[in-house]
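Shown next, in structure tokens, is the structure this report addresses.
These figures come from a predicted structure and were not determined experimentally. Every chain is numbered from 1, with letters handed out A, B, ... down the list of sequences.
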Amino acid sequence: MLNPLQKRMLRRRIVQAVPVLLLATFSVFMLLKLLPGDVAITLAGENATTERIEEIRRINGLDRPLLVQYGQWALNAVQGDLSESLLSGEEVTTTLARVFPNTLFIVCYAILLSIVIGVPLGLLAAARSGGLADRLVMVGSSVGVALPNFWIAMILVVALALNRQIFPATGFVSPWQDLSGAIWYATLPAVALAASGVAEVSRQLRSSLVEVLGSQHFRTLHAKGLPFRSILWRHGLKNVSVNLLTVISLLVNRTLAATVVVEVVFAVPGMGNTIVNATLQRDFPVVQGAVLVMVLTVITVNLITDMLYSVLDPRISQR
Amino acid sequence: MSAPILDVQDLSIGFSGRRGQPALPIVRDVTFRIGRGERVGLVGESGCGKSVTGLSLMRLLPGTARIGGRITLDGVDMARASRNEVRRMRGKKIAMIFQEPMSALDPVFTVGEQIAEALRLHETLPRAEERARVIEALAEVGIPAPAKRHDEYPHQLSGGMRQRVMIAMALINRPDLIIADEPTTALDVTIQAQIMELLTRLSEETGTALLFITHDLGVVAETCQRMITMYAGEIVEDAPVDAALVSPLHPYTSGLLRSLPHFNKEKGRFAYIPGRVPAPLAMPEGCRFAPRCPHAVEVCGRPQELRFAGAERRVRCIRADELSLDGAVAEVPA
Ligand SMILES: Nc1ncnc2c1ncn2[C@@H]1O[C@H](COP(=O)(O)OP(=O)(O)OP(=O)(O)O)[C@@H](O)[C@H]1O
Ligand code: SF4
Ligand SMILES: [Mg+2]
């Protein structure tokens with residue numbers, strides 16, 4: 001299924017991923033330790049004595065040198081053991097298995113919206129380049145790119161959830177249990193995330209399409225007698241598919257990061273909320289685990305993207 | 001002569017400028033015909049409007065172009081026909097081969113598919129048959145291993161091969177007229193001759209007329225029956241090739257012929273036409289060639305018409321009858 005070039009790329013990427021993962025988790029670990037206070041204070045409760053806090057630190061191994069603490073965590077992580085939450089004692093893998101699908105669901109939903117709305121808008125703008133439709137789409141996308149996600153999220157909550165009560169303001173239903181409910185609850189967060197996605201996709205698609213539509217081989221297509229419809233949809237889309245893929249892949253990564261804030265606004269039990277809470281409480285195994293999964297996701301998205309490039313553009317695969 | 005396949009009357013082409021700026025007139029008063037199966041060379045200095053004229057015949061000019069006059073192709077006025085009508089003519093009645101085979105093909109579709117696409121617009125065939133037809137077309141233009149090439153992408157082919165693919169694509173629906181705009185300029189010298197030979201042979205075999213746009217008068221002499229010379233957006237001479245080569249009637253045609261390399265060798269000097277083409281907005285009112293013409297006299301300051309000089313020749317020069325101009329050869333070799 002994979003050609004030798006792709007296999008080689010896959011192997012190289014996996015080797016490259018290791019230092020990236022180490023670096024990412026190590027920096028997060030160090031940043032976390034730079035923050036004042038630690039989990040022992042929380043665990044010990046109010047009015048605890050200094051000795052009690054020290055003891056809790058010792059029990060949890062928080063008194064050891066930082067490098068040893070990190071090394072121990074990394075060693076376990078390599079074997080698939082992400083330790084437990086220092087607060088709840090729950091296995092971090094269990095926590096992540098519970099919250100990651102929720103985040104992934106919202107991200108996929110948002111990306112889907114970005115594509116389904118952004119691609120036709122980009123095509124429309126390119127087809128009517130310079131016209132009214134083009135200008136409207138471009139102005140709209142400038143606004144969409146400029147507005148922060150969380151601000152859109154709050155406006156949506158006020159307008160559609162609190163005032164009109166069309167959508168639920170907060171909360172989430174797991175897609176495993178109730179798919180339509182999950183879609184229902186995920187709609188507002190996904191829309192908030194997709195606003196900039198739609199803008200980005202339509203804008204980039206338009207500019208690369210306008211360029212390719214004016215190129216020499218498109219004049220040949222006109223000379224052949226092809227209708228504009230197939231010139232635009234068949235040749236246009238395929239010619240810009242590599243650009244589109246790049247845009248979408250960057251968008252996935254950006255949306256993944258943006259969910260952190262949007263999840264907090266909508267109180268979604270996802271990666272974002274988990275990371276925020278665990279950070280506030282200095283629950284470092286949870287933060288580490290979550291960061292690890294996020295970085296792995298980004299690496300995977302990039303890898304899939306690179307594999308798809310050679311499928312989409314024959315010039316890449318045969319080089 | 002039977003009814004011509006192409007009849008161009010008073011064609012004028014301009015490009016509308018930015019708001020407030022005057023439109024740029026590029027081509028004016030262009031009138032000519034091409035008979036069925038006829039091969040016509042269109043020559044002239046760079047920028048005189050050859051490509052613009054060729055593109056206008058297929059209505060391929062950008063939206064800023066303003067076209068006047070009539071372009072009658074097999075009974076349809078391409079200048080006024082609806083967009084759909086024009087589209088149906090393209091490929092079926094008229095096809096075009098461009099200068100740059102490197103960039104004229106879509107890089108992300110196989111060459112076979114690109115040819116099949118042209119075929120499909122005018123004929124619905126079962127898949128296998130369609131494929132066979134395309135492979136046959138590739139073989140016809142001399143592409144080795146056509147079945148293999150069918151599934152390759154343009155970047156896997158050499159420049160000459162790509163131009164052959166373009167020719168196969170242009171010919172697949174057996175159009176009545178093919179416009180070839182400098183089809184060999186971008187190719188190696190050795191390949192150039194092959195491609196021209198191929199075009200000529202296929203035009204003879206299929207009865208497709210050819211409008212061949214070029215700078216190369218030598219190739220026109222070898223392949224075409226008639227030569228149209230353009231200068232500064234106007235036709236200045238239209239004559240059978242042999243007659244034009246031996247005894248050009250327009251001083252500009254004569255100048256072009258005398259600057260041919262082999263002519264220079266014989267005379268042992270380097271001939272060229274002094275001066276430059278006037279800018280579109282600064283055209284002289286009279287003969288446009290007058291500022292550069294060695295034979296210019298006062299009457300040349302009057303606007304010049306393209307007049308008949310004999311049954312088959314036309315010329316835009318008031319002194320054509322009295323001048324006796326040098327051609328490229330003294331006599332046409334038998
Ligand atoms: N889209 C356009 N807008 C404005 N002016 C144009 C456009 N296309 C061509 N022109 C102008 O029209 C004139 C004729 O161009 P054209 O390409 O027909 O020349 P040509 O005779 O084919 O020259 P060459 O031998 O170099 O190919 C040139 O001055 C060119 O600048
Ligand atoms: S009309 Fe006069 S200037 Fe023009 S080409 Fe003839 S002789 Fe020369
Ligand atoms: Mg040209």
Side-chain angles (χ1 to χ4, degrees), chain A residues 3 5 119 123 125-135 205 208-247 305 307-319, chain B residues 51 54-55 57-64 83-111 113-122 151-156 162-163 165-166 169-170 172-173 175 178-181 186:
Chain A
N3 63 37
L5 193 106
V119 168
L123 280 165
R128 303 250 190 289
S129 160
L132 183 66
D134 183 20
R135 262 172 279 163
L205 181 63
S208 42
L209 261 178
V210 164
E211 193 187 320
V212 82
L213 286 179
S215 67
Q216 303 243 352
H217 60 273
F218 272 71
R219 190 173 61 182
T220 309
L221 299 177
H222 285 287
K224 260 201 260 195
L226 275 187
F228 186 63
R229 195 171 3 99
S230 35
I231 291 181
L232 188 67
W233 284 89
R234 191 166 140 83
H235 289 267
L237 270 189
K238 184 142 192 209
N239 268 271
V240 301
S241 57
V242 166
N243 297 9
L244 196 57
L245 178 64
T246 309
V247 172
T305 307
M307 302 283 236
L308 280 179
Y309 278 144
S310 56
V311 175
L312 290 179
D313 193 332
R315 285 165 296 183
I316 295 172
S317 59
Q318 270 125 5
R319 206 174 282 154
Chain B
S51 296
L55 289 169
L57 305 181
M58 289 194 85
R59 266 260 290 276
L60 278 177
L61 289 170
T64 50
R83 222 185 293 178
N84 274 333
E85 227 171 332
V86 167
R87 209 164 48 63
R88 279 194 296 273
M89 299 295 282
R90 289 174 182 165
K92 185 70 193 159
K93 298 281 176 190
I94 185 169
M96 192 153 184
I97 299 164
F98 298 100
Q99 178 174 347
E100 291 285 342
M102 292 301 175
S103 50
L105 289 166
D106 190 328
V108 296
F109 284 78
T110 64
V111 297
E113 174 55 25
Q114 294 187 57
I115 298 174
E117 209 171 30
L119 177 62
R120 217 173 287 146
L121 285 169
H122 302 284
D151 301 319
E152 291 190 343
Y153 290 91
H155 73 273
Q156 293 168 284
R162 285 189 221 185
Q163 200 57 300
V165 169
M166 284 298 293
M169 190 154 89
I172 190 86
N173 292 303
I178 289 184
I179 304 164
D181 190 350

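For the atom pair R128(A) CZ and R135(A) CZ, the distance stands at 13.5 Å (nearest 0.5 Å). For the atom pair CG (L226(A)) and CG (L121(B)), the distance works out to 5.0 Å, reported to the nearest 0.5 Å.
P154(B) approaches L105(B) most closely through the heavy-atom pair CG-CB, 3.8 Å.
A donor-acceptor contact under 3.5 angstrom links the side chains of S51(B) and D181(B), judged on distance only.
By the side chain to side chain contact (heavy atoms under 4.5 Å, CB included) test, L123(A) is found to be paired with V119(A), L205(A), L209(A), L232(A), W233(A), L237(A), residues two or more places apart in sequence or in another chain being considered. In this view, R88(B) and N84(B), E85(B) satisfy the side chain to side chain contact (heavy atoms under 4.5 Å, CB included) rule, not counting sequence neighbours. Here K238(A) pairs with V108(B), F109(B) under the side chain to side chain contact (heavy atoms under 4.5 Å, CB included) rule; sequence neighbours left out.
By number of non-hydrogen pairs under 4.5 angstrom with chain A, the leading residue of A170(B), A118(B), A104(B) is A104(B). By number of non-hydrogen pairs under 4.5 angstrom with chain A, the leading residue of G91(B), A95(B), P107(B) is P107(B). The candidate from M96(B), M166(B), E117(B), E100(B) with the greatest count of non-hydrogen atom pairs under 4.5 Å with chain A is E117(B).
Heavy-atom distances place no part of M89(B) under 4.5 Å from chain A, backbone and side chain included. Neither the backbone nor the side chain of R59(B) comes within less than 4.5 Å of any heavy atom of chain A.
For residues 217-225 of chain A, the interface with chain B (any heavy-atom pair closer than 4.5 Å) comprises H217(A), R219(A), T220(A), L221(A), H222(A), A223(A), K224(A), G225(A), sorted by residue number.
Residues I178(B) and I97(B) meet the side-chain proximity criterion, which asks for heavy atoms closer than 4.5 Å.
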